Amino acid sequence: MAQFPLASIPATEVRELQSAFANQAYQISVALPFGYEEHPHKTYPVIYLSDANLYFGMVVDMVRAMNIRVSICDELPDAIIVGIGYPVTGSLKERLHQVMHLRLRDFMPERNEGGEQFIQESFPIPNPVVSGNAGPFLQFIQQELVPLIESEYRADPANRTFIGHSWGGGFAFYALFQQPLLFQRYVIASGGFEAADEQKYAEQHNSLPVRLHLFNEIANEEDAAQTKSMMATLESRQYAGFRLTHQLMADIKHCAVVPPAFQAGLVAVFS
């Protein structure tokens, strides 16, 4: 196979950031918006993306394509995009296997042995990791990553968005109920919350100042019932400042939902 340069995304940067909280080095990818250099006094919304090893390129191109400076392509504002991933090495397959274990570890608030078994069977590695690291991972985002981004880039601290899919969507709900002021917008695809977390939050708060878009695939009647129950619970709370939009899609598989969910969700939370 010929050795040509790797493809790259223009106006992006990548670095490793070692977390004292999570005891993990993270690969942080940053994409700058159109006109960033030409407008040195302008600040920008920031879109934080989990699973950046899988979705960073897709989201960067998607956001840029939906704002290419003409009236028929202006669904989204210019934004800085920050991808949270892992500095894995090896073949493409080996990297995927490592990422699948690390994301399970960081997105789960408690240990999930069934999830660990599923991931090891599907994506075997020599030394599987233990899940249940969501607390330190959230501390990393709040106390290490966000301050770095807002000190080194012209990021608007009052305009943060978080995107997550599947277990990453579950982590997004965890962050929402643990640190409700950290992000102002959430796009969650195929993710659900722990009823106890939401109940505890509701007992202590009457406001939830965020825009949230949920996008779930419906594989069967049980999925539909669970999703509708989750949305009904959130709507019944009548949290001050809370805005919920949602979409349900049948006849689509779990991973195929990501592009339409992220696209529709970003438009919804920025509208």
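Predicted, not measured: the structure shown is a model, and the values here were computed from it.
- There is no path of hydrophobic side-chain contacts, each under 4.5 Å, that joins Val14 to Leu148.
- The environment of CD in Glu194 is sparse: at most 12 heavy-atom neighbours from other residues, nucleotides or ligands sit within 6.0 Å.
- Looking only at side-chain heavy atoms (C-beta outward), Asn23 and Pro136 stay at 4.5 Å or farther from each other.
- Residues Leu214 and Thr245 have side chains not in contact (no heavy-atom distance under 4.5 Å, counting atoms from C-beta outward).
- For the residue pair Asn67 / Asp74, no side-chain donor-acceptor distance below 3.5 Å is found, with atom types taken as modelled.
- For the pair Arg95 (side chain) and Gly90 (backbone), a donor-acceptor distance under 3.5 Å is present.
- Both Val99 and Met108 belong to a single network of hydrophobic side chains, linked directly or stepwise wherever heavy atoms of I, L, V, M, F, W or Y lie under 4.5 Å apart.
- With a 6.0 Å radius and a threshold of 12 heavy atoms from other residues, nucleotides or ligands, Gln238 has its CD atom at or below the threshold.
- Nearest approach of Pro45 to Phe270, heavy atoms of both residues: CB-CE2, 4.2 Å.
- Distance OG1/Thr161 to CD1/Ile47: 5.5 Å, rounded to 0.5 Å.
- Between His213 and Phe215, the angle of the ring planes lies from 30° to 60°, which puts this pair in the tilted group.
- No hydrogens or angles considered: nothing links the side chains of Glu113 and Gln117 as a donor-acceptor pair under 3.5 Å.
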*asked:* Checking Phe21 against Ile141 for the side-chain contact (heavy atoms from CB on, under 4.5 Å) test, could you report, in this order, the C-alpha distance in whole Å, the side-chain angles of both residues, the deciding distance, and whether it holds?
replied: CA-CA 10 Å; Phe21 293 102; Ile141 294 173; over 6 Å; no
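- Checked by atom type, the side-chain pair Asn206/Arg237 shows no donor-acceptor distance below 3.5 Å.
- Between Leu32 atom CG and Ile81 atom CD1 the span is 9.5 Å, to the nearest 0.5 Å.
- For the residue pair Glu16 and Gln27, no side-chain donor N or O sits within less than 3.5 Å of a side-chain acceptor on the partner.
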Validation: residues 48-56 side-chain donor-acceptor distances under 3.5 Å, sequence neighbours left out:
{"residue": "Ser50", "atom": "OG", "partner": "Ile163", "partner atom": "O", "Å": "3.0"}
{"residue": "Asp51", "atom": "OD1", "partner": "Arg103", "partner atom": "NE", "Å": "2.8"}
{"residue": "Asp51", "atom": "OD2", "partner": "Arg103", "partner atom": "NE", "Å": "3.3"}
{"residue": "Asp51", "atom": "OD2", "partner": "Arg103", "partner atom": "NH2", "Å": "2.8"}
{"residue": "Asn53", "atom": "OD1", "partner": "Tyr86", "partner atom": "N", "Å": "2.8"}
{"residue": "Asn53", "atom": "ND2", "partner": "Tyr86", "partner atom": "O", "Å": "3.0"}
{"residue": "Tyr55", "atom": "OH", "partner": "His165", "partner atom": "ND1", "Å": "3.4"}

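- No more than 12 heavy atoms of other residues, nucleotides or ligands sit less than 6.0 Å from atom CD of Glu110.
- For Glu152 and Arg15, the salt-bridge test passes: some basic side-chain N is under 4.0 Å from an acidic carboxylate O.
- Distance CG/Leu212 to CD/Gln184: 13.5 Å, rounded to 0.5 Å.
- Under the 4.5 Å side-chain heavy-atom criterion for Ile, Leu, Val, Met, Phe, Trp and Tyr, Ile84 and Met58 are members of the same hydrophobic cluster.
- For the atom pair Lys228 NZ and Thr233 OG1, the distance stands at 14.0 Å (nearest 0.5 Å).
- Using the six-membered ring where Trp is involved, Phe171 and Tyr174 have ring planes that are tilted, between 30° and 60° apart.
- Of the possible polar contacts, one joining the Arg154 side chain to the Lys42 backbone as a donor-acceptor pair under 3.5 Å is found.
- Ring geometry, Tyr36 versus Tyr44: the interplanar angle falls from 30° to 60°, so the pair is classed tilted.
- Neither side chain, Glu116 nor Gln120, offers a donor N or O lying under 3.5 Å from an acceptor on the other.
- Using a 3.5 Å distance cut-off with no hydrogens or angles, the side chains of Ser19 and Gln24 do not pair a donor with an acceptor.
- In this structure, the side chains of Glu75 and Gln263 stay at 4.5 Å or more apart for every pair of heavy atoms.
- In this structure, Leu96 is not a member of the same hydrophobic cluster as Ile125, with clusters built from ILVMFWY side-chain heavy atoms closer than 4.5 Å.
- Ile68 and Ile72 fall within the same hydrophobic cluster, where Ile, Leu, Val, Met, Phe, Trp and Tyr residues are linked whenever their side-chain heavy atoms come under 4.5 Å apart, directly or through other members.
- Side-chain atoms of Glu217 and Ser190 include a donor-acceptor pair closer than 3.5 Å.
- Ion pairing between a basic and an acidic side chain is recognised when a charged N comes within 4.0 Å of a carboxylate O; Arg160 and Glu150 show such pairing.
- Interatomic distance, Ser122 OG to His101 NE2, rounded to the nearest 0.5 Å: 8.5 Å.
- Ring pair Phe177/Tyr201 is tilted by interplanar angle, where 30° to 60° counts as tilted.
- To the nearest 0.5 Å, atom CG of residue Asp106 and atom CG of residue Asn133 are 5.0 Å apart.
- In this structure, Val30 and Thr12 have side chains that are not in contact, with every pair of non-hydrogen atoms separated by 4.5 Å or more.
- Looking at heavy atoms from C-beta onward, Val210 lies out of side-chain contact with Pro180 at the 4.5 angstrom threshold.
- Here the closest heavy-atom approach between residue Glu94 and residue Thr89 is recorded as CB-O, 4.3 Å.
- Annotation: side chain of Arg105 is not in contact with side chain of Val130 (no heavy-atom distance under 4.5 Å).
- Looking only at side-chain heavy atoms (C-beta outward), Cys73 and Met66 stay at 4.5 Å or farther from each other.
- Here the side chains of Ile28 and Val82 are in contact, with some heavy-atom distance below 4.5 Å.
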